[in-house]
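Heads up: the structure comes next, in structure tokens.
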Amino acid sequence: MTAATPTPDHPFVVRAGGPDDADALLALFDERVAWLAARGWTGQWGAEPFSTSGRRVEQVRRWCAESEVRAAERDGRVQAFVVLGDHHDYVPAPDEPELYVQVLVAASGPAARGAGAVLLDDAARLAAGRGLARLRVDCYAGNDGRLVAYYRAQGFEPTEPFTVRDWPGQLLVRRV
């Protein structure tokens with residue numbers, strides 16, 4: 001899919017990503033982890049920059065090389081990324097064909113406001129264009145369910161809670 005032109009609905013250009021975006025995705029994770037940690041919210045992704053963890057660096061590089069990556073840019077700067085692909089092994093296998101949101105991360109500044117929603121809408125359009133009837137995503141369910149509430153506001157409905165070690169998660173579905 002080619003890049004979309006900003007519209008009156010939003011100021012973002014949505015484009016396909018790939019291996020060349022790994023460093024930008026790592027930088028965005030680092031920015032978001034610092035933002036969360038500054039507020040004492042380390043349960044989701046911890047407090048250490050992704051770029052200092054060999055495991056995280058490899059994961060991001062693998063996503064960018066093997067999964068479908070989409071970026072939302074504003075004024076030439078990436079404001080958010082979404083990674084689409086197969087479900088994670090810690091959630092139940094799908095009972096119908098789907099597009100799975102493996103990760104969504106957005107910058108914390110005002111220029112990024114709405115970028116995640118634009119990428120989720122883009123993912124829904126991609127799914128529908130492939131004849132799929134749903135998106136599925138899992139997220140961190142701590143911090144009083146703030147992230148679950150975000151996904152609900154984007155049209156997702158909670159299905160199954162789960163726990164990975166001591167990490168509380170929530171699986172959600174959005175019909176497209």
Judged by atom type as modelled, is there a donor-acceptor pair below 3.5 Å linking the side chain of [X] to the main-chain atoms of [Y]?
X: Ser67; Y: Cys64; value: no
X: Thr159; Y: Leu171; value: yes
X: Arg77; Y: Glu73; value: no

Please report the shortest heavy-atom distance between [X] and [Y], naming the atom on each side.
X: Arg32; Y: Ala107; value: NH2-O, 3.9 Å
X: Thr42; Y: Ala47; value: CG2-CB, 3.8 Å
X: Gly116; Y: Ala80; value: N-CB, 4.3 Å
X: Val33; Y: Gly46; value: CG1-O, 3.6 Å

Please list, chain by chain and in numerical order, all residues satisfying side chain to side chain donor-acceptor pair (under 3.5 Å) with [X], sequence neighbours excluded.
X: Ser51; answer: Asp30
X: Tyr90; answer: Asp138
X: Asp89; answer: none
X: Glu68; answer: Arg130

For Glu98, enumerate each residue passing the salt bridge (Lys or Arg N to Asp or Glu O under 4.0 Å) test, keeping only those at least two apart in sequence or located in another chain.
->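 Partners of Glu98 under the salt bridge (Lys or Arg N to Asp or Glu O under 4.0 Å) test: Arg134, Arg136.
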Tell me, please, which residues at least two apart from Arg74 pass salt bridge (Lys or Arg N to Asp or Glu O under 4.0 Å).
->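 Not a single residue meets the salt bridge (Lys or Arg N to Asp or Glu O under 4.0 Å) criterion with Arg74.
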Under 4.5 Å between any side-chain heavy atoms of [X] and [Y], yes or no?
X: Glu48; Y: Ser53; value: no
X: Arg61; Y: Pro19; value: no
X: Arg15; Y: Val78; value: yes
X: Leu147; Y: Cys139; value: yes
X: Tyr151; Y: Leu120; value: yes
X: Phe50; Y: Trp45; value: yes
X: Phe29; Y: Val60; value: yes
X: Val14; Y: Leu119; value: yes

Between atom [atom1] of [X] and atom [atom2] of [Y], what is the distance when rounded to the nearest 0.5 Å?
X: Phe81; Y: Leu28; atom1: CZ; atom2: CG; value: 6.5 Å
X: Leu104; Y: Arg70; atom1: CG; atom2: CZ; value: 13.0 Å
X: Leu172; Y: Glu160; atom1: CG; atom2: CD; value: 10.5 Å
X: Leu99; Y: Leu84; atom1: CG; atom2: CG; value: 4.5 Å
X: Leu25; Y: Asp20; atom1: CG; atom2: CG; value: 13.0 Å

Pairs involving residues 95-123, ordered by first then second residue, that meet ring-ring contact (aromatic ring centres under 6.0 Å, His included) (sequence neighbours left out) |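 Every ring-ring contact (aromatic ring centres under 6.0 Å, His included) pair that includes a residue of residues 95-123, provided the two are not neighbours, is His88-Tyr100.
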Is [X] linked to [Y] within one hydrophobic cluster, defined over Ile, Leu, Val, Met, Phe, Trp and Tyr using a side-chain heavy-atom separation of less than 4.5 Å?
X: Val91; Y: Val103; value: no
X: Leu132; Y: Val173; value: no
X: Val105; Y: Tyr150; value: no

For Gln102, the option from Val82, Val69, Val83 that meets side chain to side chain contact (heavy atoms under 4.5 Å, CB included) =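 Option passing the side chain to side chain contact (heavy atoms under 4.5 Å, CB included) with Gln102: Val83.
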With [X] via side chain to side chain contact (heavy atoms under 4.5 Å, CB included) - residues at least two apart:
X: Arg146; answer: Trp41, Asn143
X: Thr163; answer: none
X: Gln59; answer: Arg56, Arg62, Trp63
X: Arg113; answer: none

Tell me, which pairs form a side-chain hydrogen bond (donor to acceptor under 3.5 Å, both in side chains) where one or both residues lie in residues 166-176, sequence neighbours left out?
->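 The answer is Glu96-Arg175, Asp121-Arg174.
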